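The block underneath contains the structure these notes are about, expressed in structure tokens.
From a predicted model like this one, the values you see are computed outputs, not experimental measurements. Computation of the quantities below employed the complete heavy-atom set of this structure, encompassing side-chain atoms and omitting hydrogens, waters and symmetry-equivalent molecules.
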Amino acid sequence: MQKIVTNLWFDGRLEEALAFYERVFPEFNLTGKIYYGDENPEKKGQAVTATFELFGQAFTIINGGPGFPQTEAVSLQVNCADQAEVDHYWEKLSDGGQESQCGWLKDPFGVSWQVIPARMDELLMDKDPEKSQRVMNAMLKMTKIDLAILEAAYNGE
């Protein structure tokens with residue numbers, strides 16, 4: 001059992017969100033749904049919550065109302081092995097959403113994501129402050145992260 005589970009609030013779009021995340025993530029695994037019953041005749045038979053896993057990480061989504069919109073204060077980070085994986089998740093997650101800078105985007109439901117190559121942290125945390133600063137300056141000019149440009153900045157090219 002996972003001790004801490006991320007809960008995401010959706011305004012009546014739970015089923016649409018499930019279908020979207022299943023298309024984006026090959027590792028998507030729906031683990032359960034809870035439905036409204038007689039206590040809510042207007043919504044009876046609709047899912048009130050659903051649970052799923054991405055890469056073994058548990059999530060719960062709640063079919064709430066408009067009272068609590070998504071915010072950039074909380075984001076989900078996808079650590080990518082290479083540029084191909086960055087490109088895949090960037091394209092899929094931003095489809096119908098909104099691109100931002102430095103690897104951030106919002107999906108069509110307003111959930112904020114960071115699509116980051118794992119190598120980026122190594123480059124940014126290098127003990128040579130000149131190298132890491134060049135990488136930071138390059139990254140700050142990007143929307144989707146381009147690992148080749150970061151590597152070139154790191155190498156002083």
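Residues E85 and N79 share a closest heavy-atom pair of OE1-O, 4.4 Å. Nearest heavy atom pair, residue L150 against residue M142, reads CD2-CE, 3.6 Å. Across I149 and A138, no two heavy atoms sit closer than the pair CG2-CB, 4.3 Å. The nearest pair of heavy atoms linking C80 to V115 is SG-CG1, 3.8 Å. Between I145 and C102 the shortest heavy-atom distance is CD1-C, 3.7 Å. Across all their heavy atoms, Q101 and L140 have their closest contact at NE2-O, 3.2 Å.
In summary, K92 and D107 do not engage in a salt bridge, as defined by a charged side-chain N under 4.0 Å from a carboxylate O. At a threshold of 4.0 Å, the pair K33-E15 counts as salt-bridged, since one of the basic side-chain nitrogens sits closer than that to a carboxylate oxygen.
A donor and an acceptor atom, one from each side chain of N29 and E27, are nowhere located under 3.5 Å apart.
The hydrophobic cluster containing L14 also contains L54, counting ILVMFWY residues as joined when their side-chain heavy atoms lie under 4.5 angstrom apart, directly or transitively. One hydrophobic cluster, built from ILVMFWY side chains closer than 4.5 Å, holds both L30 and F109. Under the 4.5 Å side-chain heavy-atom criterion for Ile, Leu, Val, Met, Phe, Trp and Tyr, F10 and V24 are members of the same hydrophobic cluster. Tracing side-chain contacts under 4.5 Å through hydrophobic residues (I, L, V, M, F, W, Y), one reaches V86 starting from W113; they form part of the same cluster. One hydrophobic cluster holds both F20 and V111 under the rule that ILVMFWY side chains link at heavy-atom gaps under 4.5 Å.
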- [ ] Give the intermediate values and the outcome of side-chain hydrogen bond (donor to acceptor under 3.5 Å, both in side chains) for residues N155 and E151.
- [x] CA-CA 6 Å; N155 292 321; E151 293 279 1; 4.5 Å; no
Open item on the list: Between N40 and E42, does the side-chain hydrogen bond (donor to acceptor under 3.5 Å, both in side chains) criterion hold? Intermediate values first, please.
Closed with: CA-CA 6 Å; N40 194 334; E42 290 178 8; over 6 Å; no
Open item on the list: Under the criterion ring-ring contact (aromatic ring centres under 6.0 Å, His included), I'd like the reasoning laid out for F59 against F52: C-alpha separation, chi angles, the key distance, then a yes or no.
Closed with: CA-CA 5 Å; F59 291 85; F52 63 95; 5.4 Å; yes
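Considering only heavy atoms from C-beta on, D126 stays 4.5 Å or farther from V135 through its side chain. Counting heavy atoms from C-beta on, the side chains of F25 and L93 come closer than 4.5 Å. Counting heavy atoms from C-beta outward, K44 and Y35 have side chains that stay 4.5 Å or more apart. Side-chain atoms of M139 and M120, non-hydrogen and from C-beta on, do get closer than 4.5 Å to each other. Residues Q133 and E130 fail the side-chain proximity criterion, which asks for heavy atoms closer than 4.5 Å. Counting heavy atoms from C-beta outward, F55 and E53 have side chains that stay 4.5 Å or more apart. Residues V74 and S112 have side chains not in contact (no heavy-atom distance under 4.5 Å, counting atoms from C-beta outward). The shortest distance between side-chain heavy atoms of D121 and L123 does not fall below 4.5 Å.
A donor-acceptor pair under 3.5 Å links the side-chain atoms of Q83 to the main chain of L147, judged by distance alone. Remark: the backbone N or O of E72 is not paired with any side-chain donor or acceptor of S75 at under 3.5 angstrom. Between the side chain of Q2 and the backbone N or O of A58 there is at least one donor-acceptor pair closer than 3.5 Å.
Listed by chain and number, the residues in a side-chain contact (heavy atoms from CB on, under 4.5 Å) with S94 are W90, E99, L105 (sequence neighbours excluded).
Here CG of D11 is found 12.5 Å from CD1 of I62. Values are rounded to the nearest 0.5 Å. The OH atom of Y21 sits 10.0 Å away from atom CZ of F28, with the distance rounded to the nearest 0.5 Å. Atoms OH and CD1, from Y89 and I116 in turn, are 14.5 Å apart once rounded to the nearest 0.5 Å.
Sorted by first and then second residue, the side-chain hydrogen bond (donor to acceptor under 3.5 Å, both in side chains) pairs involving residues 58-71 (not counting sequence neighbours) form an empty list.
Relative to the ring axis of Y154, R119 places its NZ or CZ within 45° and under 6.0 Å from the centre.
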